[in-house]
Amino acid sequence: MDVEAWFTQRIAVDLAIAYLPSTALRIADGNARLTLLWARVGGCAVMTTAAQRLRLGACGGVIGGRVGARGTDFSAPREGAGPWLAVLAGGEMRFFVAGPFELFARADAVATIVRPWLEVREAQGAVVASRRFGALGGLVQAGLSLRFF
């Protein structure tokens, strides 16, 4: 879900919340099932074309949430969770279609500040394998937008 508020014709602030269901990650001799719950707060400085059908924006913000992991295919599977926090910088394009509908595309570079760390441990506690989330990444969104005002 993404909610956007326009304060002027040139400034927009948005709040997005998303949940990504379980995804498998192969680690050591087993798998980790990952889930991600995140929220994004950001804004865009927007330029509108003369015909006002196309809007381009330079955007930035903060994104963060919780990463959960549950081990599978291990002799003693465990689960845990940790925080995740990053800053965003990117751009967005919106194209007015008809009535309250717009097509949009947004791409952001993601620089992680707080990165989760996954570890596989033996029953005695020794680390067998580990994996840390990347420091840099990207986020791409596209779709149909409905404007109420």
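Positions are given from 1, in the same order as the sequence printed here. Hydrogens, waters and symmetry mates play no part in the numbers below; they use all other heavy atoms, side chains included.
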Of all the heavy-atom pairs spanning [X] and [Y], show the shortest one and how long it is.
X      : Y      : value
Ala135 : Arg115 : N-NH1, 3.4 Å
Pro83  : Pro116 : O-CG, 3.5 Å
Gly43  : Asp14  : N-OD1, 3.8 Å
Val110 : Ala86  : CG1-CB, 3.5 Å

Task: Verdict with supporting geometry, Thr112 and Phe133, side chain to side chain contact (heavy atoms under 4.5 Å, CB included) - done: CA-CA 9 Å; Thr112 307; Phe133 283 58; 5.9 Å; no
To the nearest 0.5 Å, what is the distance between [atom1] on [X] and [atom2] on [Y]?
X      : Y     : atom1 : atom2 : value
Glu102 : Met93 : CD    : CE    : 11.0 Å
Arg40  : Ile17 : CZ    : CD1   : 10.5 Å
Arg10  : Met47 : CZ    : CE    : 8.5 Å

Same apolar cluster (I L V M F W Y, side chains within < 4.5 Å links), [X]/[Y]:
X      : Y     : result
Trp38  : Tyr19 : no
Ile63  : Leu85 : no
Leu34  : Leu20 : yes
Val114 : Val41 : no
Leu88  : Leu36 : yes

TODO: Apply side-chain hydrogen bond (donor to acceptor under 3.5 Å, both in side chains) to Thr35 and list each qualifying residue two or more places apart in sequence or on a separate chain.
DONE: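 Not a single residue meets the side-chain hydrogen bond (donor to acceptor under 3.5 Å, both in side chains) criterion with Thr35.
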Open item on the list: In the structure I gave you, are the side-chain heavy atoms of Cys44 and Arg106 within less than 4.5 Å of one another anywhere?
Closed with: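 Sidechains of Arg106 and Cys44: in contact.
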Task: Which residues share a side chain to side chain contact (heavy atoms under 4.5 Å, CB included) with Leu103, sequence neighbours left out - done: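 Expected list: Val97, Leu144.
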TODO: Would you kindly check if the NZ (Lys) or CZ (Arg) of Arg94 is within the cone defined by 45 degrees around the ring axis of Phe104 and under 6.0 Å from the six-membered ring centre?
DONE: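 So Arg94 does make the cation-pi contact.
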